[in-house]
**Student:** 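Before anything else, here's the structure in question.
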Amino acid sequence: MQIKRFDIQNFRKLKSCKIELSNETTVFVGANNSGKTSAMDALAKFLSERKFVFNDITLSNRNNLNDIGKVWVMGEEFDPEKCMKEMEQIMPVLDVWINVADNELQYVSNIIPTLDWDGGFLGVRFIYVPRDITKLRSIFKDSFDAAAKTCSSSPKIKLSLWPQNLCDYLGKGDLFHTLFEIKAYVLDPSKMEEDDLQPTDYLMECVTSNPLAGLIKIDIFSAQRGFSDTSDEKTAETNYHAQNLSIQLKNYYDKHLDPENEPSPEDLRTLQAMEKAKKAFNEILSDKFHNAILELEKLGYPGINDPRITIESKMSASDTLRHDAAVQYALTSNPKEDLKLPEKYNGLGYQNLISMVFLLMRFRDDWMRTGKANRELLENRIEPLHLVLLEEPEAHLHVQVQQVFIKKAYDVLTNNQFLKEHSNFRTQLVISSHSSHIAREMEFKDLRYFKRLPATKDCIVPVSKVINLSGVFGEDNETTRFITRYLRTTHCDLFFADAAILVEGSAEYMLLPHFIRNKYKELNQRYITVLEINGRHSQRLKPLIEKMCLPTLIITDIDSGSLEGYHSHILPRRGKGIISTNYAITQWLLKEKSLDKLLDLSSKKKEKCFKTPYKFEMRIAYQMPVMVEYDGEVHEALPSTFEDSLVYTNFSRFSSKTGEGLMKNIYDTCNEGLDFASFHEKIYKLFRGKDVPKAGFALDLIYSVDPEDLQVPNYINEGLLWLQDLLDKHE
């Protein structure tokens with residue numbers, strides 16, 4: 001048995017989305033404010049009965065909710081059933097689809113849709129709806145009418161009294177939670193794969209509000225954690241997110257290990273030792289307090305008929321784990337050297353890693369009723385599904401341990417002999433993350449990308465959709481391996497960016513951040529990921545970029561070549577039948593090879609808009625003609641690389657200031673006295689050799705020239721301005 005999919009509607013940014021779960025670990029990735037936390041909260045609130053608040057309703061639905069309230073206030077004919085159907089289109093909804101094997105029917109007898117069902121998928125819909133729609137209408141109307149009457153009694157006083165509308169009414173205090181509840185309905189498995197979510201069959205209402213109780217055990221680990229805060233122990237004992245390791249160990253001991261809790265034969269030796277220690281301690285206490293008690297008795301209290309004072313300890317092993325020094329870290333491997341420190345003196349990142357892993361162990365052992373918790377099996381059987389929701393584990397983990405944690409998390413949750421022997425008991429781990437280090441450790445098939453969509457006429461607020469990245473490269477395993485290795489070798493935050501910039505060379509990759517920081521302030525405030533990828537490999541990122549629908553600027557070389565030697569490079573010149581051999585230009589975005597046409601192509605035609613599956617824009621930027629004043633005359637230079645375009649654009653600087661390596665060669669060429677055609681050809685050859693140190697050129701340039709003083713090549717400037725304007729429009 002396993003959870004196949006969650007369908008969420010009308011919950012915050014998630015107007016309508018479908019989230020498929022992997023068999024083991026599923027990771028939610030996406031830019032800031034893309035809905036990852038909304039998805040985690042929706043699962044927690046529907047399946048773990050956490051409290052809903054009015055702001056959980058998608059903002060674009062509020063006008064529709066107020067329209068319902070207007071009808072109520074106007075006193076029009078009221079149809080409760082029709083009104084409940086209207087509410088369903090507005091209120092938060094969660095569909096849970098579970099794949100059930102033939103031998104697991106005993107767990108799902110309460111949600112089988114028909115007697116003909118013989119295994120496969122089962123679906124349950126949870127809706128947050130009014131407990132009593134008639135009562136809600138009545139009390140809202142009374143409150144609205146009373147406010148209107150009060151205002152009308154003093155027309156000179158301009159005051160807006162609560163409630164102004166139905167949203168205003170439900171948003172006050174605890175009314176939303178008090179007047180609404182979760183109702184559950186069985187779904188039709190035959191309609192599971194339909195694009196539109198199936199209508200609710202109100203005749204299929206479940207007997208309980210959570211028919212999955214006893215079927216799915218849910219443990220939740222939220223992002224707001226304070227492991228090292230021991231100031232509020234009472235809160236810490238009931239709140240996973242404020243626990244240090246000492247308190248976690250104490251809670252684990254109380255539930256699974258305490259020998260005083262329904263002792264078994266193997267606990268007798270432990271209890272005997274504790275009793276012996278208690279007796280010895282009581283004798284010491286009696287001796288130590290003897291004189292003090294005698295002094296009290298001389299005061300005439302207690303009297304003859306009063307009970308006498310005795311001192312006796314109440315010793316409990318659990319109490320020894322209560323204080324913040326119960327867990328210590330040994331600083332040497334030699335047991336004879338007693339060098340230890342309490343846990344709060346250990347590094348916070350390492351301490352939090354241990355705490356989080358131990359909490360996962362506790363989730364597992366609570367589910368499996370390990371140790372003393374086994375008595376719960378007499379009342380409730382073990383649930384066949386264990387769903388663990390883990391929100392942003394990187395919140396308190398250093399970079400070095402984030403990858404360690406994600407590699408071990410699922411193994412910790414399933415490290416149990418019973419689970420290894422019974423494959424029908426399954427754990428599924430769902431993680432939301434904003435860490436590229438965590439995302440890099442996962443396979444594409446386990447990533448769910450939350451894509452932000454801008455507001456439209458149909459939906460007046462931005463919402464999000466969820467894109468399943470499994471199968472993004474189809475059956476091309478070679479490309480999958482290449483992209484996976486590539487993203488793991490680069491510190492790539494592609495899955496969390498507002499936009500991506502793909503650059504072809506190392507020099508562009510090094511200087512582009514300086515350009516953005518100094519000359520494009522609005523763009524510098526966005527989350528942009530810059531990826532360096534060789535031109536002939538750029539197409540391998542094409543399926544991923546298009547699947548993610550990520551706004552992308554590609555900065556590449558025009559790669560002028562001849563038809564005869566397609567992969568050879570030649571000096572770019574007009575009217576010579578020269579073509580571009582760059583894949584991104586000729587095959588991906590522009591599908592144009594002629595160099596003459598590409599040089600004169602308007603900026604607008606370099607932009608492309610895609611609509612699969614959601615609308616997004618891409619643009620390509622390649623070298624364009626640069627007008628250079630050389631030897632007293634203005635000439636058209638046709639650059640073919642970033643470096644020579646940078647030289648032509650900043651000709652006065654390169655011709656007046658020397659340096660080392662390529663910087664010196666450029667200076668010498670600029671001042672050699674060549675005619676412009678010869679000068680143009682020599683500059684071309686400087687950057688086209690096999691062993692040209694382009695990265696060294698960029699480093700020399702950064703060392704000798706402030707990048708802020710450089711003029712950005714025109715083709716890059718156009719591309720960055722386009723991306724800046726595009727993101728401003730999205731905002």
**Student:** Using a 4.5 Å cut-off on heavy atoms from C-beta on, say whether the side chain of L390 contacts that of F405.
**Tutor:**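 Yes - at least one pair of side-chain heavy atoms lies under 4.5 Å apart.
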
**Student:** Strictly by salt bridge (Lys or Arg N to Asp or Glu O under 4.0 Å), give each pair with a member in residues 196-210 just once, sequence neighbours left out.
**Tutor:** none

**Student:** Using every non-hydrogen atom in the two residues, find where F425 and E383 come nearest and quote the distance to one decimal.
**Tutor:** CD2-O, 3.5 Å

**Student:** Are there over 12 heavy-atom neighbours, none belonging to E81, within less than 6.0 Å of that residue's CD?
**Tutor:** no

**Student:** Do N33 and R452 have side-chain atoms, one donor and one acceptor, less than 3.5 Å apart?
**Tutor:**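 Looking only at side-chain atoms, R452 and N33 do not form any donor-acceptor pair under 3.5 Å.
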
**Student:** If you look at every heavy atom in E76 and R137, which pair is closest and at what distance?
**Tutor:** O-NH2, 4.0 Å

**Student:** Could you measure the distance from the CZ atom of F11 to the OG atom of S38? Nearest 0.5 Å is fine.
**Tutor:**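 Nearest 0.5 Å value for the CZ-OG distance: 6.0 Å.
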
**Student:** Verify side-chain hydrogen bond (donor to acceptor under 3.5 Å, both in side chains) between D116 and T114, making sure each step is shown before the conclusion.
**Tutor:** CA-CA 5 Å; D116 296 332; T114 66; 4.7 Å; no

**Student:** Which atom pair, heavy atoms only, marks the closest approach of E617 to K615?
**Tutor:** OE2-CE, 3.7 Å

**Student:** Do V73 and V71 come within less than 4.5 Å of each other through their side chains, counting heavy atoms only?
**Tutor:**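 V73 vs V71: side chains apart.
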
**Student:** Closer than 4.0 angstrom, basic N to acidic O: yes or no for D145 and K141?
**Tutor:** yes

**Student:** In a check of ring-ring contact (aromatic ring centres under 6.0 Å, His included) between W162 and each of Y169, F144, F140, which one passes?
**Tutor:**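 One option only clears the test, and that one is Y169.
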
**Student:** Under a 3.5 Å distance rule, please check whether S464 uses its side chain to pair with a backbone N or O of S34 as donor and acceptor.
**Tutor:** yes

**Student:** How many angstroms lie between CG in L550 and CZ in F616, if you round to the nearest 0.5 Å?
**Tutor:**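 Nearest 0.5 Å value for the CG-CZ distance: 8.0 Å.
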
**Student:** Should we count OH of Y527 as having more than 12 external heavy atoms under 6.0 Å?
**Tutor:** no

**Student:** Are I460 and L59 close enough that some pair of their side-chain heavy atoms sits under 4.5 Å apart?
**Tutor:**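 A side-chain contact is absent here, since even the closest heavy-atom pair is not under 4.5 Å.
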
**Student:** State whether a side-chain donor-acceptor pair under 3.5 Å links E88 with Y202.
**Tutor:** yes

**Student:** Apply side chain to side chain contact (heavy atoms under 4.5 Å, CB included) to K51 and D174, showing your working.
**Tutor:** CA-CA 10 Å; K51 183 179 177 181; D174 212 28; 2.6 Å; yes

**Student:** From the options Q198, R5, R125, K18, select the one residue that forms a side chain to side chain contact (heavy atoms under 4.5 Å, CB included) with D95.
**Tutor:**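 When Q198, R5, R125, K18 are each tested with D95, the side chain to side chain contact (heavy atoms under 4.5 Å, CB included) holds only for R125.
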
**Student:** Between N64 and I68, does a side chain to side chain contact (heavy atoms under 4.5 Å, CB included) hold up when you go through it step by step?
**Tutor:** CA-CA 7 Å; N64 297 333; I68 293 176; over 6 Å; no

**Student:** Can you tell me if D446 uses its side chain to pair, donor with acceptor, with the backbone of M442 under 3.5 Å?
**Tutor:**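 No; zero donor-acceptor contacts below 3.5 Å.
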
**Student:** Would you say the side chains of S209 and E181 form a donor-acceptor pair under 3.5 Å?
**Tutor:**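 Judged by distance alone, the side chains do not pair up.
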
**Student:** Yes or no on side chain to side chain contact (heavy atoms under 4.5 Å, CB included) for W97 and D7, after CA distance, side-chain angles and deciding distance?
**Tutor:** CA-CA 8 Å; W97 290 100; D7 300 339; 3.4 Å; yes

**Student:** Are any side-chain N or O atoms of S138 and backbone N or O atoms of T134, one a donor and one an acceptor, separated by less than 3.5 Å?
**Tutor:** no

**Student:** What's the shortest heavy-atom distance between I220 and A44, and which atoms?
**Tutor:** CD1-CB, 3.5 Å

**Student:** Please walk me through it: do F28 and Y449 pass ring pair (Phe, Tyr, Trp, His ring centres under 6.0 Å)?
**Tutor:** CA-CA 6 Å; F28 296 168; Y449 177 68; over 10 Å; no

**Student:** Looking at D168, is its backbone amide N or carbonyl O close enough to the side chain of N165 to form a donor-acceptor pair, meaning the two atoms are under 3.5 Å apart?
**Tutor:**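 Present.
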
**Student:** Is there a side-chain contact between V412 and R364 in this structure, where contact means two heavy atoms from C-beta onward sitting under 4.5 Å apart?
**Tutor:**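 They are in contact (side-chain heavy atoms under 4.5 Å apart), so the answer is yes.
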
**Student:** Decide if atom CD of E49 counts as having more than 12 heavy atoms of other residues, nucleotides or ligands within a radius under 6.0 Å.
**Tutor:** no

**Student:** Kindly indicate whether the side chain of F54, heavy atoms from C-beta on, has any atom under 4.5 Å from the side chain of H177.
**Tutor:**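 No; the side chains remain at least 4.5 Å from each other.
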
**Student:** For salt bridge (charged side-chain N to carboxylate O under 4.0 Å, His left out), just list the numbers for D366 and R362, CA-CA rounded to whole Å, side-chain angles, deciding distance to a tenth of an Å, and then say yes or no.
**Tutor:** CA-CA 6 Å; D366 285 355; R362 179 178 172 183; 3.7 Å; yes

**Student:** Please round to the nearest 0.5 Å and tell me the distance separating atom CD of Q2 and atom CD of E104.
**Tutor:** 10.0 Å

**Student:** Give the minimum heavy-atom separation between I111 and V186, together with the two atoms involved.
**Tutor:**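 Answer, listing the atom of I111 first, then V186: O-CG1, 3.4 Å.
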
**Student:** Going by the ring-ring contact (aromatic ring centres under 6.0 Å, His included) test, name the single residue among F46, F126, F176 that passes it with F52.
**Tutor:** F46

**Student:** Go through the steps to decide whether L389 and F221 satisfy the test side chain to side chain contact (heavy atoms under 4.5 Å, CB included), and finish with yes or no.
**Tutor:** CA-CA 6 Å; L389 306 179; F221 201 24; over 6 Å; no

**Student:** Mind checking the SG-NZ spacing from C549 to K465? Nearest 0.5 Å is all I need.
**Tutor:** 12.0 Å

**Student:** Please tell me if the side chains of F78 and I133 come closer than 4.5 Å, counting only heavy atoms from C-beta onward.
**Tutor:** yes

**Student:** Any side-chain to backbone donor/acceptor pair from N10 onto P92? Under 3.5 Å, distance only.
**Tutor:** no

**Student:** Just by distance, do the side chain of S152 and the backbone of K149 share a donor-acceptor pair under 3.5 Å?
**Tutor:** yes

**Student:** Quick one: CG on L170 to CG on L65, what's the gap to the nearest 0.5 Å?
**Tutor:** 6.0 Å

**Student:** So which atom in F363 and which in L413 form the shortest heavy-atom distance, rounded to 0.1 Å?
**Tutor:**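 Of all heavy-atom pairs spanning F363 and L413, the closest is CB-CD2, 4.3 Å.
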
**Student:** So, T26 and Q428: side-chain donor and acceptor under 3.5 Å apart, yes or no?
**Tutor:** no

**Student:** In a check of salt bridge (charged side-chain N to carboxylate O under 4.0 Å, His left out) between D56 and each of R62, R12, R50, which one passes?
**Tutor:** R12

**Student:** When you compare the side chain of L14 with that of Q9, does any pair of heavy atoms fall below 4.5 Å?
**Tutor:** no

**Student:** Could you tell me whether the side chain of R426 and the main chain of L385 form a donor-acceptor pair under 3.5 Å?
**Tutor:**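 No.
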
**Student:** Under the 3.5 angstrom rule, does the side chain of S433 hit a backbone N or O of S435 as a donor-acceptor pair?
**Tutor:**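 It does hold such a pair.
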
**Student:** Checking side-chain polar atoms at under 3.5 Å, does S470 have a donor or acceptor matched by the opposite partner on N468?
**Tutor:** yes

**Student:** Output the distance between atom CD1 (I182) and atom OG1 (T208), rounded to the nearest 0.5 Å.
**Tutor:**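 With rounding to 0.5 Å, CD1 (I182) is 11.0 Å from OG1 (T208).
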
**Student:** Any side-chain heavy-atom pair from F121 and K4 closer than 4.5 angstrom?
**Tutor:** yes

